[in-house]
Amino acid sequence: MENTMHMNQDAVAQDEKAFIKQLKQTFEQLPNEIPLYLFTDKSKDDVFNQATRQVVRAFRELSDKITFREYEMSHELAQKWGVTDPSTLVIAPEKYSIRWIGAPMGEEGRTLLETLILVGLGQSNLSDQSRKVLQKITSPRDIKVFVSPTCPYCPQEAVNAVRAVIENPDLITLEIIDIQCRPDLAEQYSAHSVPQAYANDMLIGQGAQQEEVFVSSL
């Protein structure tokens, strides 16, 4: 029994090493830098800021293309990029409007990983059908996706929104909102179950939607 446990542990360790090696190779092939900015209120440095630093530090070990800066809410860049909430992670703001309020903990680590790869790639990887639907959008869409670290369905919906932003950055903006970080916003939007997606404050999706359904709703 003990030998079997050791063998299983060794297999898991080997799988983990292979996965990390594959991720490093993936990031090495990405053509674009991936700048991340965390905005905080130092007077109340909370668990969300601490968790974001830890997660970003782990991802930065995979690639030097990921850069990270941290600023106080009073910094001029917060105003420039429209950051109004402390514990906000801003992703590649010179190209896209993607803000994460809370921290990419738990299941949301998958969301961050896919977001970093898509931003580094500079392509949405949407299907041709989805791209044709998005081309019909001629006015701004301000997306909010409410998520939770314990929700296994949230990454699919959040990544749908990330893909939409990358495909049409001139008209589409995104806030990914952790309901544990901003329960007041969750209450305001009645986002008691997640994921829930809004565009221009209109509910467009409850639960994880297929990509084509999401862009059609958008």
Quick check for you: to the nearest 0.5 Å, what is the distance between [X] atom [atom1] and [Y] atom [atom2]?
{"X": "Gln206", "Y": "Glu157", "atom1": "CD", "atom2": "CD", "value": "10.0 Å"}
{"X": "Lys136", "Y": "Arg131", "atom1": "NZ", "atom2": "CZ", "value": "15.0 Å"}
{"X": "Gln135", "Y": "Ile137", "atom1": "CD", "atom2": "CD1", "value": "10.5 Å"}
{"X": "Tyr96", "Y": "Ile166", "atom1": "OH", "atom2": "CD1", "value": "5.0 Å"}
{"X": "Ser217", "Y": "Arg141", "atom1": "OG", "atom2": "CZ", "value": "11.0 Å"}
{"X": "Ile34", "Y": "Thr115", "atom1": "CD1", "atom2": "OG1", "value": "10.0 Å"}

Looking at [Y], is its backbone amide N or carbonyl O close enough to the side chain of [X] to form a donor-acceptor pair, meaning the two atoms are under 3.5 Å apart?
{"X": "Gln156", "Y": "Gln209", "answer": "yes"}
{"X": "Lys65", "Y": "Asn32", "answer": "no"}
{"X": "Asn200", "Y": "Asp142", "answer": "yes"}

Subject >> Check against side-chain contact (heavy atoms from CB on, under 4.5 Å), Tyr189 and Asp201 >> reply: CA-CA 8 Å; Tyr189 284 85; Asp201 291 337; 2.5 Å; yes
Original post:
For Asp41, which of Ser74, Ser87, Pro86 qualifies under side-chain contact (heavy atoms from CB on, under 4.5 Å)?
Top reply: Pro86
Original post:
Checking side-chain contact (heavy atoms from CB on, under 4.5 Å) against Ile98, which of Thr173, Ile143, Val165, Ile172 comes through?
Top reply: Val165
Less than 4.5 Å apart, any side-chain heavy atom of [X] and any of [Y]?
{"X": "Gln54", "Y": "Arg57", "value": "yes"}
{"X": "Lys95", "Y": "Pro169", "value": "no"}
{"X": "Glu187", "Y": "His192", "value": "yes"}
{"X": "Asn49", "Y": "Arg53", "value": "yes"}
{"X": "Leu62", "Y": "Ile20", "value": "yes"}
{"X": "Trp100", "Y": "Leu38", "value": "no"}
{"X": "Ile91", "Y": "Leu112", "value": "yes"}
{"X": "Leu116", "Y": "Ile66", "value": "yes"}

Minimum-distance pair of heavy atoms, taken over all atoms of [X] and [Y]:
{"X": "Pro35", "Y": "Pro93", "result": "O-CD, 4.3 Å"}
{"X": "Ser148", "Y": "Val194", "result": "CB-CG2, 3.8 Å"}
{"X": "Ile176", "Y": "Ala158", "result": "CD1-CB, 4.2 Å"}
{"X": "Pro152", "Y": "Arg110", "result": "O-NH2, 3.0 Å"}
{"X": "Leu174", "Y": "Ala161", "result": "CD1-CB, 3.6 Å"}
{"X": "Gln196", "Y": "Leu203", "result": "OE1-CD1, 3.7 Å"}

**OP:** Take atom CD of Gln188 as the centre, draw a 6.0 Å sphere, and report whether it contains more than 12 heavy atoms from other residues, nucleotides or ligands.
**Re:** yes
Original post:
Got more than 12 heavy atoms from elsewhere within 6.0 Å of CD, Glu72?
Top reply: yes
Is there a path of hydrophobic side-chain contacts, each under 4.5 Å between heavy atoms of I/L/V/M/F/W/Y residues, joining [Y] to [X]?
{"X": "Leu218", "Y": "Phe146", "answer": "no"}
{"X": "Leu113", "Y": "Tyr153", "answer": "no"}
{"X": "Val55", "Y": "Ile177", "answer": "no"}
{"X": "Ile179", "Y": "Ile204", "answer": "no"}
{"X": "Phe214", "Y": "Val147", "answer": "yes"}

Subject >> Members sharing Val83's hydrophobic cluster (side chains within less than 4.5 Å) >> reply: Tyr37, Phe39, Tyr71, Met73, Leu77, Trp81, Val90
Subject >> Met105 and Phe48: CA distance, side-chain angles, deciding distance, side-chain contact (heavy atoms from CB on, under 4.5 Å) verdict >> reply: CA-CA 9 Å; Met105 300 182 288; Phe48 298 100; 4.0 Å; yes
Original post:
So Glu107 and Cys154, side-chain contact (heavy atoms from CB on, under 4.5 Å) or not? Walk me through it.
Top reply: CA-CA 8 Å; Glu107 296 286 345; Cys154 289; over 6 Å; no
Original post:
Can you list the steps and then say if Leu118 with Val159 is a side-chain contact (heavy atoms from CB on, under 4.5 Å)?
Top reply: CA-CA 9 Å; Leu118 290 170; Val159 172; 4.2 Å; yes
Subject >> Partners passing side-chain contact (heavy atoms from CB on, under 4.5 Å) against Ser127 (at least two apart in sequence or in another chain) >> reply: Gln129, Ser130, Glu211, Glu212
